[in-house]
Amino acid sequence: QVQLVESGGGLVQAGGSLRLSCAASGRTFTTYSMGWFRQAPGKEREFVAAMSQIGGSTHYADSVKGRFTISRDNAKNTVYLQMNNLKPEDTAVYYCARGRAAFIAVNRYQYDYWGQGTQVTASS
């Protein structure tokens with residue numbers, strides 16, 4: 001069984017930064033891609049960023065490109081999301097997820113394990 005545990009969320013002023021972490025259990029962490037999604041109240045869960053299984057490829061939603069950076073430390077079974085220049089529209093619950101395969105995926109149905117989520121609030 002795979003478990004994903006996010007941490008690092010919080011309240012910041014617009015323009016501030018946060019770093020989210022997602023610790024994964026299990027020995028097959030390096031076999032799969034990892035992604036971050038977010039869900040704001042009343043909205044669908046949306047793709048934010050993803051990284052291939054060894055970190056060679058990344059992909060970002062247009063809304064966060066240039067501000068957010070995904071990375072992973074396979075030795076620690078952890079994936080990160082560095083968020084800079086946060087905007088009020090970034091406010092949401094952020095989820096990490098494990099892809100069903102090694103390559104990057106942007107569709108939520110291409111992920112099979114999800115964390116519990118961590119709240120990020122950027123105030124104006």
Enquirer: Going through the distances and angles, do Thr91 and Val120 end up as a side chain to side chain contact (heavy atoms under 4.5 Å, CB included)?
Expert: CA-CA 5 Å; Thr91 295; Val120 170; 6.0 Å; no
Enquirer: Measuring from atom OG of Ser52 to atom CE of Met34, what distance do you get when rounded to the nearest 0.5 angstrom?
Expert: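 Interatomic distance, Ser52 OG to Met34 CE, rounded to 0.5 Å: 12.0 Å.
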Enquirer: Identify, with sequence neighbours excluded, every residue that meets side-chain contact (heavy atoms from CB on, under 4.5 Å) alongside Thr78.
Expert: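 side-chain contact (heavy atoms from CB on, under 4.5 Å) check on Thr78 returns Ser21, Ala23, Lys76, Tyr80.
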Enquirer: Locate the shortest heavy-atom distance separating Val48 from Phe68; write the atom from each residue and the value.
Expert: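 That would be CG1-CD2, 3.8 Å.
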Enquirer: With salt bridge (charged side-chain N to carboxylate O under 4.0 Å, His left out) as the rule and sequence neighbours excluded, what pairs involving residues 91-101 come up?
Expert: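 Listed by first then second residue: Arg98-Asp112.
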Enquirer: Hey, are Thr121 and Gln119 close enough side-chain-wise for a donor-acceptor pair under 3.5 Å?
Expert: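 Indeed, the side chains of Gln119 and Thr121 share at least one donor-acceptor pair under 3.5 Å.
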Enquirer: How far apart are the closest heavy atoms of Ile70 and Tyr60, and which atoms are they?
Expert: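 Heavy atoms only, the tightest pair is N-OH, 2.9 Å.
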Enquirer: Do Ile104 and Tyr32 share a hydrophobic cluster, counting only Ile, Leu, Val, Met, Phe, Trp and Tyr and linking them when any side-chain heavy atoms are less than 4.5 Å apart?
Expert: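 As far as the 4.5 Å side-chain criterion goes, Tyr32 and Ile104 are not connected within one cluster.
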Enquirer: When rounded to the nearest 0.5 angstrom, what is the spacing between CG in Leu86 and OG in Ser123?
Expert: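 Those atoms lie 10.0 Å apart.
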Enquirer: For residues 3-21, which residue pairs pass the salt bridge (charged side-chain N to carboxylate O under 4.0 Å, His left out) check, not counting sequence neighbours?
Expert: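 Listed once each, the pairs would be none.
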Enquirer: Evaluate side chain to side chain contact (heavy atoms under 4.5 Å, CB included) for Thr58 paired with Met51, printing each intermediate quantity in order.
Expert: CA-CA 4 Å; Thr58 58; Met51 173 170 271; 3.3 Å; yes
Enquirer: Rest of the hydrophobic cluster containing Val106 (Ile/Leu/Val/Met/Phe/Trp/Tyr, side-chain heavy atoms under 4.5 Å)?
Expert: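 Hydrophobic cluster check, Val106: joined to Phe37, Phe47, Val93, Tyr95, Tyr111, Trp114.
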Enquirer: Got a sec: does the NZ of Lys43 have more than 12 other heavy atoms crowding it under 6.0 Å?
Expert: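 No.
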Enquirer: Give me each pair satisfying salt bridge (charged side-chain N to carboxylate O under 4.0 Å, His left out) with a member in residues 50-59, each pair once, sequence neighbours excluded.
Expert: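 As it turns out, there is no salt bridge (charged side-chain N to carboxylate O under 4.0 Å, His left out) pair with a partner in residues 50-59 once direct neighbours are skipped.
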Enquirer: To the nearest 0.5 Å, tell me how far Gln1 CD sits from Ser25 OG.
Expert: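 Here the interatomic distance stands at 7.5 Å.
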Enquirer: Which pair of non-hydrogen atoms, one from Tyr94 and one from Asp90, has the smallest distance, and what is that distance?
Expert: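 Result for this residue pair: OH-O, 2.6 Å.
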Enquirer: Out of curiosity, Arg38 CZ to Met83 CE, how far, rounded to the nearest 0.5 Å?
Expert: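 Answer rounded to 0.5 Å: 9.0 Å.
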Enquirer: Compare every heavy atom of Ser17 with every heavy atom of Asn85, then report the nearest pair and how far apart it is.
Expert: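 The answer is N-OG, 4.2 Å.
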Enquirer: Residues two or more places apart in sequence or in another chain: which of them pass side-chain contact (heavy atoms from CB on, under 4.5 Å) with Thr30?
Expert: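 With sequence neighbours excluded, Thr30 shows a side-chain contact (heavy atoms from CB on, under 4.5 Å) to Asn74, given in chain and number order.
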Enquirer: Would you confirm whether Thr69, through its side chain, and Gln82, through its main-chain N or O, come within 3.5 Å as a donor-acceptor pair?
Expert: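 Absent.
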Enquirer: Take atom CD of Gln3 as the centre, draw a 6.0 Å sphere, and report whether it contains more than 12 heavy atoms from other residues, nucleotides or ligands.
Expert: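 Atom CD in Gln3 is not packed in, count stays at 12 or less.
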Enquirer: Please name the pair of heavy atoms, one in Leu18 and one in Gly9, separated by the smallest distance, quoted to 0.1 Å.
Expert: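 Shortest heavy-atom contact: CD1-C, 4.4 Å.
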Enquirer: Which heavy atom in Ala92 sits nearest to a heavy atom in Ala40, and how many Å separate them?
Expert: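 Nearest pair, atom of Ala92 first, then Ala40: CB-N, 3.8 Å.
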